[in-house]
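Order of the sequence lines sets the chain letters (A, B, ...), proteins ahead of strands, with each chain counted from 1.
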There are 2 protein chains.
Amino acid sequence: MKKNSKQNSRWMHGKFKCNGYRMTKAREAILDILANTKDHLSAEDIYLAIHKFYPNIGLTTVYRNLEMLVNIGIVVKFDFGEGRSKYELSDHYSEKGHHHHLVCKECYKVIDYSDFMKDELNFLKNTENGLSQKYNFEIRDHLIQFFGICESCRK
Amino acid sequence: MKKNSKQNSRWMHGKFKCNGYRMTKAREAILDILANTKDHLSAEDIYLAIHKFYPNIGLTTVYRNLEMLVNIGIVVKFDFGEGRSKYELSDHYSEKGHHHHLVCKECYKVIDYSDFMKDELNFLKNTENGLSQKYNFEIRDHLIQFFGICESCRK
DNA sequence: TTGATAATGATAATCATTTTCAATTAAGGA
DNA sequence: TCCTTAATTGAAAATGATTATCATTATCAA
Ligand SMILES: [Mn+2]
Ligand SMILES: [Mn+2]
Ligand SMILES: [Zn+2]
Ligand SMILES: [Zn+2]
């Protein structure tokens with residue numbers, strides 16, 4: 001596992017405790033993997049990565065913990081159309097910060113972008129206000145994705 | 001099935017033929033169901049609806065045809081986080097026109113909206129231009145969804 | 001150190017979606 | 001209308017991701 005395992009476990013400890021959860025090796029390891037990749041990983045990807053260091057942590061545990069981490073808002077789950085979910089640290093806990101995705105319909109490559117966020121914010125502020133009012137719907141999150149063909153698939 | 005089966009089959013015929021596909025009872029029926037609902041239906045929903053009129057059309061056929069209809073752009077497939085895909089006539093072939101969705105995280109109710117499309121268009125034009133240029137990515141579609149809590153789940 | 005209980009792992013079960021393959025059918029020309 | 005042929009279909013089995021079970025283990029506040 002990477003260098004900053006210790007730090008991670010520390011700042012997470014609080015978050016976990018106040019939700020009635022315990023800090024375990026598996027959770028530490030999952031967060032570590034996610035904190036040290038720029039990719040969007042499947043449950044199995046994470047399982048395999050962890051398996052090298054902790055061969056006794058099972059795929060089931062990875063699934064269970066990912067669900068929990070998604071619930072408390074530390075991890076985000078995505079469906080890019082591949083037939084299995086991909087996970088990533090949520091904006092607030094990631095170096096990436098708030099961002100969205102370009103998804104290649106051909107090879108499923110995913111590109112993070114955080115350009116034009118000023119425009120987005122502007123658009124969302126107005127739209128979210130209007131929608132939540134009109135439909136009496138309390139908006140919590142938004143999902144924005146662009147689908148198309150990536151550079152290498154175009155050649 | 002509903003009244004306008006005949007019309008549907010007619011305007012579709014052309015689209016199918018020029019793609020090398022044939023017009024079959026199953027396809028006619030699927031389009032009929034989709035054209036006459038405001039809901040977002042799962043493959044099984046569609047299968048069950050068809051089954052009343054054509055008890056010999058199987059779920060497999062529904063899946064196969066939905067995939068084909070998605071490929072030629074007549075139907076759109078959505079993942080609202082429920083664990084199974086939902087289908088809807090694509091904007092161009094639906095009375096709804098271009099729209100997006102509010103999805104309740106609690107009960108998975110889906111609300112169609114087509115408000116603030118002027119703002120959206122404005123935002124997208126600029127953003128899509130910038131992104132496709134910067135990442136050398138040919139944008140084909142966009143997905144915008146708002147997640148939150150619906151009126152009845154809030155009570 | 002200990003007790004209550006959260007968490008785990010191996011396994012089996014679910015469940016949506018696909019694959020297989022032999023039988024059927026749509027469509028265009030004779 | 002009749003034929004030919006390739007597209008389409010249905011039943012059944014297979015796949016593959018995710019979840020449920022349950023006995024065992026680990027965490028952590030007291
Ligand atoms: Mn990302
Ligand atoms: Mn819709
Ligand atoms: Zn690609
Ligand atoms: Zn709801």
**Q.** Hydrophobic cluster of B:F78, others only, ordered by chain and residue number, side-chain cut-off 4.5 Å
**A.**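 Listed partners: A:V76, A:F78, A:F80, A:V103, A:V110, A:L143, A:F147, B:V76, B:F80, B:V103, B:V110, B:L143, B:F147.
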Q: Would you mind telling me which of A:I74, A:T61, A:I50 makes a side chain to side chain contact (heavy atoms under 4.5 Å, CB included) with A:I30?
A: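 Running side chain to side chain contact (heavy atoms under 4.5 Å, CB included) over A:I74, A:T61, A:I50 with A:I30 returns exactly one hit, A:I50.
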Q | Parallel, tilted or perpendicular: ring planes of A:H142 versus A:H98, cut at 30 and 60 degrees | A |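 The arrangement is perpendicular - the two ring planes meet at more than 60°.
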Charged N to carboxylate O under 4.0 angstrom, [X] versus [Y]?
{"X": "B:D91", "Y": "B:K96", "answer": "no"}
{"X": "B:E67", "Y": "B:K77", "answer": "no"}
{"X": "A:E106", "Y": "A:R154", "answer": "no"}
{"X": "B:D79", "Y": "B:K86", "answer": "no"}

Would you indicate what [X] reaches in the nucleic acid, counting non-hydrogen atoms under 4.0 angstrom: base, sugar-phosphate, or nothing?
{"X": "A:T24", "result": "sugar-phosphate"}
{"X": "A:R27", "result": "sugar-phosphate"}
{"X": "A:R22", "result": "base"}
{"X": "A:S42", "result": "nothing"}
{"X": "A:K25", "result": "nothing"}

Q. Toward the 5' end of DNA chain D, which comes first, A:A43 or A:R64, by nearest nucleotide?
A.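 By nearest-heavy-atom nucleotide position, the 5'-most residue is A:A43.
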Q | Covered region of DNA chain D, 5' end to 3' end, by chain B [heavy atoms, under 4.0 Å] | A |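 The footprint of chain B covers D:dA6 to D:dA12.
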**Q.** Terminal contacting nucleotides, 5' and 3', DNA chain C versus chain A (heavy atom, 4.0 Å)
**A.**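 Boundary nucleotides touching chain A, in 5' to 3' order, are C:dA4 to C:dT11.
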Q | 5' priority, DNA chain C, between B:L59 and A:T60 [closest heavy atom] | A |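 Residue closer to the 5' terminus by nearest nucleotide: A:T60.
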Q. Does the B:N19 side chain pair with the main chain of B:K15, one donor and one acceptor, at a distance under 3.5 Å?
A.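 A pair under 3.5 Å: yes.
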